[in-house]
Each structure stands twice: as structure tokens, then as C-alpha cells.
**Q** 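Shown below is the structure under consideration.
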Amino acid sequence: MDHPHRVVLLAGPSGSGKSYIAQRTGLPVLCLDDFYKDGDDPTLPRQNNLVDWDSPRSWDAEAAVETIARLSRHGKAEVPVYAIGADRRVATRPFEVAGSPFFVAEGIFAAEIVEECRRRGLLAGAYALRRPRGTTFLRRLTRDLAEQRKAPGVLLRRGLALLRAEPAVLRRQAGLGAHPAPAREVLRRVADLLAGHPHHH
């Protein structure tokens with residue numbers, strides 16, 4: 001078998017709790033946000049002279065898929081470490097899926113690579129986390145303020161824009177092949193995957 005490890009892609013709007021739910025699956029978790037492009041990358045999409053970090057084009061889908069492919073085949077890879085405050089990759093680190101037959105790759109752009117991962121036989125499942133919008137808005141704002149990602153006014157404006165955009169984000173992710181599901185369902189489906197895979201090949 002070419003791919004002893006397969007990936008569960010977890011998308012969802014910003015702040016919907018993707019990393020929290022990914023951790024709760026108990027599987028190794030690859031953070032796809034580390035594959036953002038560097039802030040001085042000429043291919044970055046811009047709006048009013050500001051980089052549009054909410055656009056999928058601000059993210060390196062190809063590098064993400066290659067890394068997932070390497071993890072699926074070899075169980076380990078070097079992954080980037082991205083500093084949001086600095087808008088760039090600051091290091092790489094070794095990442096291992098160890099003996100697990102599955103691993104989760106989570107991020108706001110996870111849905112962008114569903115089709116390619118499926119085509120390459122890497123995909124075990126793909127979900128878009130669905131939560132009440134108000135919950136997501138508060139979670140995201142609390143997190144961003146705590147991490148001091150940007151100035152509070154910027155975070156609030158961005159938060160309100162993302163709140164309005166959320167239904168469209170979920171529709172897009174569903175259209176790209178990520179099944180919209182509440183957290184409970186995602187956890188149940190991952191548990192079913194593991195139950196159907198009692199021993200490692």
C-alpha cells in the first residue's frame with residue numbers, strides 16, 4: 001500500500017474551533033495555517049494595498065499537498081512554522097504521524113485541497129466545521145485579542161466582516177468537497193474511521 005497514512009481535512013470559518021476539535025480527535029494534527037505565503041511574496045492577493053489574508057491565494061496549496069503526500073507515504077516531514085505577527089515562516093520543524101493510520105490537517109483553506117488529496121488517494125475524509133455564527137465571532141475575537149494578532153480595532157472590523165461572510169465561506173467549502181458538519185459529527189466520524197481500522201497495515 002502506497003499510503004499507510006491518510007488525511008482527514010478539517011476546514012471551517014476562521015475561529016470555528018478547528019484546532020480544538022482536531023486536537024480532540026486524538027490524532028496527530030498538521031496546522032495548515034503554517035502554509036501561508038510570506039508577507040513579501042509578489043503573488044499575494046491585495047485589496048486597498050493591504051494583503052487579503054482571507055483569500056485562498058494568500059496560501060500555498062501546493063506546498064500543503066506535497067507535505068500531506070509525504071506524511072501519507074513516509075509518516076514524517078519537515079513542516080513550516082509561521083509567525084502571524086511577522087507575516088512569514090520563521091522556521092521548520094519535524095512532524096511525525098507515528099503509528100497512526102490517520103492524521104488531521106486543519107485550516108481555513110483545508111477545503112481548497114480536498115479534490116487534489118482525493119485524486120492522489122490521500123484522503124480519508126473532509127469536513128467543514130459548522131457552528132452558530134455568534135459563537136464563532138466571540139471565540140475568534142477572544143483568541144485574536146489574547147494572541148495580540150493585530151490592533152483591537154482591526155480585529156473587530158475583520159471579525160464583523162468574517163461574521164457576515166461566514167455562510168458564503170461554508171458554502172464555498174462545501175462546494176469544494178468538505179462536508180459541513182457540527183463538531184459532534186466530525187468527532188463521531190473520525191471515531192468510526194478508527195474503529196473500521198483496528199490494526200495498522
Side-chain angles (χ1 to χ4, degrees), residues 7-19 22 28-74 76-95 97 103-120 122-123 126-129 136 140-141 143-151 153-155 157-159 161-162 164-166 168-178:
V7 69
V8 175
L9 291 171
L10 185 58
S14 169
S16 53
K18 294 179 291 295
S19 41
V29 178
L30 177 67
C31 173
L32 292 175
D33 288 356
D34 282 328
F35 291 89
Y36 268 110
K37 294 174 182 174
D38 283 349
D40 52 7
D41 187 314
T43 64
L44 281 173
R46 291 180 178 274
Q47 272 186 332
N48 315 325
N49 283 334
L50 289 174
V51 172
D52 180 7
W53 295 109
D54 297 310
S55 160
R57 298 204 319 280
S58 66
W59 184 73
D60 192 344
E62 216 169 291
V65 171
E66 285 311 323
T67 300
I68 287 169
R70 205 167 300 131
L71 288 168
S72 294
R73 257 197 314 276
H74 308 298
K76 56 176 189 249
E78 283 288 317
V79 301
V81 177
Y82 197 94
I84 287 189
D87 288 341
R88 69 181 48 258
R89 296 173 191 194
V90 289
T92 60
R93 65 187 179 87
F95 180 85
V97 298
F103 60 101
V104 178
E106 61 85 15
I108 183 167
F109 299 130
E112 306 293 323
I113 58 176
V114 170
E115 205 34 65
E116 184 59 16
C117 286
R118 182 178 286 128
R119 194 180 68 75
R120 294 194 190 195
L122 312 172
L123 193 67
Y127 306 100
L129 201 53
T136 305
R140 180 174 52 231
L141 195 60
R143 173 200 71 189
D144 289 352
L145 288 170
E147 293 180 12
Q148 300 179 336
R149 289 187 171 200
K150 308 276 177 199
V154 173
L155 292 175
R157 277 197 305 278
R158 178 169 176 265
L162 289 171
R164 284 193 298 274
E166 201 158 299
V169 168
L170 272 171
R171 273 199 305 278
R172 175 183 166 82
Q173 294 182 349
L176 288 166

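Just so you know, these numbers use all the heavy atoms, side chains as well, and skip hydrogens, waters and symmetry mates.
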**Q** Could you check Phe103 against Ile68 for side chain to side chain contact (heavy atoms under 4.5 Å, CB included), going step by step and ending with a plain yes or no?
**A** CA-CA 9 Å; Phe103 60 101; Ile68 287 169; 4.0 Å; yes
**Q** Would you sort out whether Gln47 and Leu50 count as a side chain to side chain contact (heavy atoms under 4.5 Å, CB included), showing the intermediate values?
**A** CA-CA 5 Å; Gln47 272 186 332; Leu50 289 174; 5.8 Å; no
**Q** What are the two closest heavy atoms between Pro13 and Glu166, and how far apart are they?
**A**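 Minimum heavy-atom contact is CG-CG, 3.4 Å.
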**Q** Arg140 and Leu162: side chain to side chain contact (heavy atoms under 4.5 Å, CB included), yes or no, with the steps?
**A** CA-CA 10 Å; Arg140 180 174 52 231; Leu162 289 171; 3.5 Å; yes
**Q** Indicate yes or no: does Asp40 engage Arg88 in a salt bridge with an N to O separation below 4.0 Å.
**A**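 Looking at Arg88 together with Asp40, the answer is yes, because their closest N to O distance falls below 4.0 Å.
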**Q** Where do Lys18 and Ile108 come nearest, in terms of heavy atoms and distance?
**A**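 Smallest heavy-atom distance, with atoms named: CE-N, 3.5 Å.
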**Q** Under a 3.5 Å distance rule, please check whether Asp38 uses its side chain to pair with a backbone N or O of Asp41 as donor and acceptor.
**A**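 Checked: no pair found.
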**Q** Please give me the minimum heavy-atom distance between Glu116 and Val65, naming the atom from each residue.
**A**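 Here Glu116 and Val65 meet closest at CG-CG1, 3.8 Å.
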**Q** Please find the pair of heavy atoms, one from Ser16 and one from Leu129, that lie closest to each other, and give the distance.
**A**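 Here Ser16 and Leu129 meet closest at O-CD2, 3.4 Å.
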**Q** Between Phe35 and Trp59, how do the two ring planes meet: parallel, tilted or perpendicular, split at 30° and 60°?
**A**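 Aromatic pair Phe35/Trp59 classed perpendicular.
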**Q** With a 3.5 Å distance limit and no angle check, can you tell me whether Tyr82 reaches the backbone of Asp87 through a side-chain donor-acceptor pair?
**A**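 Pair found, side chain donor or acceptor close to backbone of Asp87.
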**Q** With side chain to side chain contact (heavy atoms under 4.5 Å, CB included) as the test, would you mind laying out the steps for Arg158 and Asp54 before giving the verdict?
**A** CA-CA 10 Å; Arg158 178 169 176 265; Asp54 297 310; 2.8 Å; yes
**Q** Spell out, as yes or no, whether a donor-acceptor pair under 3.5 Å connects the side chain of Ser58 to the backbone of Ser55.
**A**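 Yes; at least one donor-acceptor contact below 3.5 Å.
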**Q** Does the Gln173 side chain pair with the main chain of Gly12, one donor and one acceptor, at a distance under 3.5 Å?
**A**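 Yes.
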**Q** Ignoring hydrogens, what is the shortest heavy-atom contact between Arg57 and Pro45? Give both atom names and the distance.
**A**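 Reported closest heavy-atom pair: NH2-CB, 3.3 Å.
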**Q** Just by modelled atom types, is the Gly17 backbone N or O under 3.5 Å from a matching donor or acceptor in the Glu106 side chain?
**A**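 A pair under 3.5 Å: no.
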**Q** Please determine which of Ile113, Leu30, Val104 meets the side-chain contact (heavy atoms from CB on, under 4.5 Å) test together with Leu9.
**A**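 Of Ile113, Leu30, Val104, side-chain contact (heavy atoms from CB on, under 4.5 Å) with Leu9 is met by Ile113 alone.
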**Q** Salt-bridge test for Glu66 and Arg120: reply yes if a basic N is under 4.0 Å from a carboxylate O, no otherwise.
**A**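 The answer is yes: the pair qualifies as a salt bridge.
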**Q** Would Arg149 and Asp144 pass as an ion pair if we require N to O under 4.0 Å?
**A**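 Salt bridge flag = yes for Asp144 with Arg149.
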**Q** So, for Val90 and Ala83, which heavy atoms are closest and what is the spacing to 0.1 Å?
**A**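 What the structure gives for the nearest pair is CG1-CB, 3.8 Å.
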